[in-house]
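Written out below as structure tokens is the structure these notes cover.
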Amino acid sequence: MIKQYLIFFSLLFCMYMGCAPYPQGKALYKEKCANCHGDKGQGLVSLYPSLKTSKIIRSSPGLIPCLVLHGTPQDSNYLNPVKMPANPNISEADMTNLINYLLSLQDNQRHSVALDSVRLWMDACN
Amino acid sequence: MNIKIFALLLIGFSVILPSCKQSPQPLPYLGIKENPDDKPSIPDFNFIDQLGRPVNAETFKNKIYLTDFFFTSCPTICPIVTGQMLRIYEHFAKDDRVAFLSHSIDTRHDSVPRLKAYADKLHINDDKWRFVTGKKEDIFGISKNYMSIVLEDPDTPGGFNHSGYIILVDKDRHIRAFCNGTIPEDVDKLIPKIQQLLDSE
């Protein structure tokens, strides 16, 4: 009986503390990105792209740091009414956690990025 | 029968039965009133929508509508509210008695083509959901008529610019309900009120 309780409560604990991968990346995502891209990265129709199915995240994670640091410009020809804001003060460690969290949102995506590569990407972006 | 189960059933029925019989309270008339029986209404207005068409009280004749205030480049809470407006829109997509009206508070940048691009990206019907711009003082002026009910409510945090309220207006332009559009659970509670208003009219 005690054993069953133990399993049950460790599962509960797990759910609350976020056994989900990359809790820091997730927290940062909730704070800076979820308003537009949705709680679970689902996006909003074509207004805010889904990050679960994003080709950029899947195949070119090296592009993410620049996008997050500088945001996207608002089109002067009005074709794109919404823009993504700049986040110039994200540290290398935070950026690494964020990218790894974004990668974890993709289906069947196992790979992750290391701090060293993220540092290079961020340096190349200024 | 086990006495515990019996007790539980008894409690269960006494909670469920009365709530089944009660029909819901009629929706109140909201706004700043001089007498308790007053029914404040939204004054006439004149705006322009995403297709450059005029939008005024005639546009919503014999319709109830949901309304909010937003701007296209909003980085903070408007995207959430727009998402919730869309949820309500989808819920009543087939009901022609329900319309939607989103006022831009960034009248300088949110031109007609930009509102059109925004509406297109939401894949909505331009007749059912109007995104409007107009004279800045008109938009801010009418926001006071809609928002007075919100500011009056002691439970709601102030700061209209960042309020994110969704407001329900009946076909005689009386405000009948509102909710905080940044809280999905609050929006859940508004949806049955919309249905109730439809059923009562």
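In what follows, chains carry the letters A, B, and so on, assigned in the order in which the sequence lines appear, proteins first and then strands, with residues in each chain numbered from 1. Given the structure is predicted, the values throughout are model-derived calculations rather than measurements. Every heavy atom of this structure was used, including side-chain atoms; hydrogens, water molecules and symmetry mates were not.
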With only heavy atoms counted, which part of B/Leu86 is less than 4.5 Å from chain A, the side chain, the backbone, both or neither?
-> side chain
Using a 6.0 Å cut-off, check whether atom [atom1] of [X] has over 12 heavy atoms from anything other than its own residue.
{"X": "A/Ile56", "atom1": "CD1", "value": "no"}
{"X": "B/Lys128", "atom1": "NZ", "value": "yes"}
{"X": "B/Glu137", "atom1": "CD", "value": "yes"}

Do you know which of B/Pro79, B/Gly83, B/Ser73 has the most heavy-atom pairs under 4.5 Å to chain A?
-> B/Pro79
Value for CG (B/Leu122) from OG (A/Ser46), rounded to nearest 0.5 Å, stands at 8.0 Å
Gap separating the CZ atom of B/Arg87 from the CG atom of A/Leu44, nearest 0.5 angstrom | 12.0 Å
Determine the minimum heavy-atom distance between B/His123 and A/Val45, stating which atoms define it.
-> ND1-CG1, 3.5 Å
Closest approach of A/Val82 to B/Tyr118 (non-hydrogen atoms, all atoms of both residues) = CG1-CE1, 3.8 Å
